[in-house]
Amino acid sequence: MPRPRKRLAGAAGLDKKGPAGKHVKTKNTESSSPQKIPASKNCEKNTGSYWLMKSEPESRLEKGVDVKFGIEDLKAQPKQTACWDGVRNYQARNFLRAMKVDEEAFFYHSNCKEPGIAGLMKIVKEAYPDHTQFEKTNPHYDPSSKEDNPKWSMVDVQFVRMMKRFIPLAELKTHHQAHKATGGPLKNMALFTRQRLSVQPLTQEEFDFILSLEEK
DNA sequence: GCCAACGTTGGC
DNA sequence: GCCAACGTTGGC
């Protein structure tokens, strides 16, 4: 996305930085399907999908603007809430549009010294137009997007908690490789099979397995 | 800083 | 519509 990059925007009107855009900008075709995530089908609580969203925790200038936005930055926002702007990839955008309030997402640190999952957040506002696409000085400005038909969306996310311990990418990769060989929950994890996708879905099994790693 | 992966652009 | 060139993502 953009790489994460993102910046600013406060959620709900505050203006601070939001999570940044996380990665991806790109435009693919609108045809990427909005995805279908297995939804559970009942009406209990939390039957929705799980997500993983990437953002860069270390400073990096993009068009002169620092796109840093790590989990500590989210935690520091008013109400520990921020908008996730800057996504400029159609497939990632479609996942943003599929998110429902209260669904949980891992906050993944990318393009940094130690990449991996830093914590948990939840969706507190469903997709709405990403205002940064219309701001000429924003690193993710998209001159092809029109106000009356915005191309890009964002959601608001709220910090839930840090992982009990940071889960490094290298560790996830080790499990992914073992699971590919002998079967296991991370066998098809998007982090490895859809390498550059900054917003991605996780199955219940993937989510639960990753949470179980906290105890090791 | 290098570079592999992969999405986008644009000539034809 | 093909595909080479190019730009971005993001690990290492």
Side-chain angles (χ1 to χ4, degrees), chain A residues 1-8 17-35 51-74 84-98 105-119 121 130 132-133 135-146 149-154 163 165-180 186-202 206 210 213:
Chain A
M1 171 145 169
R3 335 152 140 304
R5 18 243 25 355
K6 151 177 253 38
R7 47 188 3 15
L8 321 174
K17 49 194 337 302
K22 308 297 2 9
H23 318 21
V24 175
K25 23 196 65 257
T26 49
K27 348 193 116 233
N28 322 326
T29 137
E30 289 261 349
S31 56
S32 338
S33 62
Q35 109 187 43
W51 309 96
L52 180 148
M53 301 165 80
K54 302 178 183 176
S55 188
E56 301 184 28
E58 296 175 4
S59 289
R60 186 176 64 80
L61 295 185
E62 196 170 314
K63 295 183 183 159
V65 179
D66 189 357
V67 296
K68 167 185 187 292
F69 192 81
I71 197 163
E72 295 296 343
D73 297 299
L74 174 60
W84 203 266
D85 62 284
V87 171
R88 297 292 183 270
N89 168 283
Y90 285 107
Q91 187 157 21
R93 179 204 68 181
N94 291 341
F95 285 131
L96 288 176
R97 291 182 177 179
F106 284 126
F107 193 125
Y108 178 88
H109 280 173
S110 68
N111 203 19
C112 56
K113 201 60 76 84
E114 180 152 49
I117 294 173
M121 54 191 174
D130 176 348
T132 65
Q133 67 196 302
E135 300 169 359
K136 295 194 170 57
T137 59
N138 188 282
H140 308 117
Y141 172 60
D142 182 354
S144 73
S145 184
K146 301 301 166 208
N149 186 21
K151 211 178 262 193
W152 307 111
S153 300
M154 62 185 182
M163 296 303 279
R165 69 179 180 90
F166 182 83
I167 311 293
L169 172 65
E171 181 176 339
L172 293 169
K173 185 183 287 184
T174 297
H175 291 296
H176 165 66
Q177 286 174 336
H179 292 183
K180 250 194 325 183
L186 300 194
K187 167 174 63 168
N188 300 124
M189 192 181 180
L191 193 58
F192 305 103
T193 60
R194 305 293 330 284
Q195 195 175 349
R196 296 170 48 187
L197 190 59
S198 67
V199 175
Q200 47 186 259
L202 279 84
E206 288 166 344
I210 291 167
L213 295 177

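Values reported hereafter were calculated over all heavy atoms of this structure, with side chains retained and with hydrogens, waters and symmetry mates removed. Quick note on labels: first sequence line is chain A, next is B, and so on, each numbered from 1.
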_Using the side-chain heavy atoms of A:Ser110, tell me which of these nucleotides is nearest: C:dC12, B:dG7, C:dG10._
C:dG10
*Are the aromatic ring centres of A:Phe107 and A:Trp51 under 6.0 angstrom apart?*
no
*What is the distance from CD of A:Glu114 to P of C:dC12, rounded to the nearest Å?*
11 Å
*Can you sort out the partners of A:Lys146 under side chain to side chain contact (heavy atoms under 4.5 Å, CB included), two or more places apart, ordered by chain and number?*
A:Asp148
*Has the side chain of A:Lys63 got a donor or acceptor atom that lies under 3.5 Å from a matching backbone atom of A:Pro139?*
yes
*Figure out the CD/P separation between A:Glu62 and C:dT8, and round it to whole Å.*
8 Å
*May I have the distance from A:Glu171 (atom CD) to C:dG11 (atom P), rounded to whole angstrom?*
15 Å
*Counting only N and O atoms by type, is there a donor-acceptor contact under 3.5 Å from the side chain of A:Glu62 to the main-chain atoms of A:Val67?*
no
*asked:* In this structure, how many angstroms lie between the C1' atom of C:dT8 and the OH atom of A:Tyr90, rounded?
replied: 16 Å
*For B:dG7, take OP1 and OP2 only and decide whether either is under 4.0 Å from a side-chain N or O of A:Arg194.*
yes
*State the CZ-CG distance between A:Phe192 and A:Leu186, to the nearest 0.5 angstrom.*
7.5 Å
_Can you pull out the residues from residues 173-180 of chain A that lie within a 4.0 Å heavy-atom distance of DNA chain C?_
A:Lys173
*asked:* I need the CZ-P distance between A:Phe192 and B:dA4, as an integer number of Å.
replied: 20 Å
_Reported NZ-to-CG distance for the pair A:Lys54 and A:Asn111, which is rounded to 0.5 angstrom_ = 10.0 Å
*Could you tell me the separation between the CG atom of A:Asn111 and the C1' atom of C:dC12, rounded to a whole number of Å?*
11 Å
*Expressed in angstrom and rounded to an integer, what is the separation of A:Leu191 atom CG from C:dT9 atom C1'?*
12 Å
_Integer-rounded Å distance: B:dG7 C1' and A:Leu197 CG_ = 11 Å
*Keeping the roles fixed (side chain from A:Asp66, backbone from A:Leu61), state whether a donor-acceptor pair exists under 3.5 Å.*
no
*Would one find a side-chain N or O of A:Lys54 under 4.0 angstrom from OP1 or OP2 of C:dG10?*
yes
_Is there a side-chain contact between A:Tyr108 and the phosphate of C:dG11, meaning an N or O under 4.0 Å from OP1 or OP2?_
yes
*Looking at C:dG11, B:dG7, C:dG10, which one has an atom nearest to any side-chain atom of A:Pro115?*
C:dG11
*Can you figure out which of B:dG7, C:dG10, C:dC12 approaches the side chain of A:Asn89 most closely?*
B:dG7
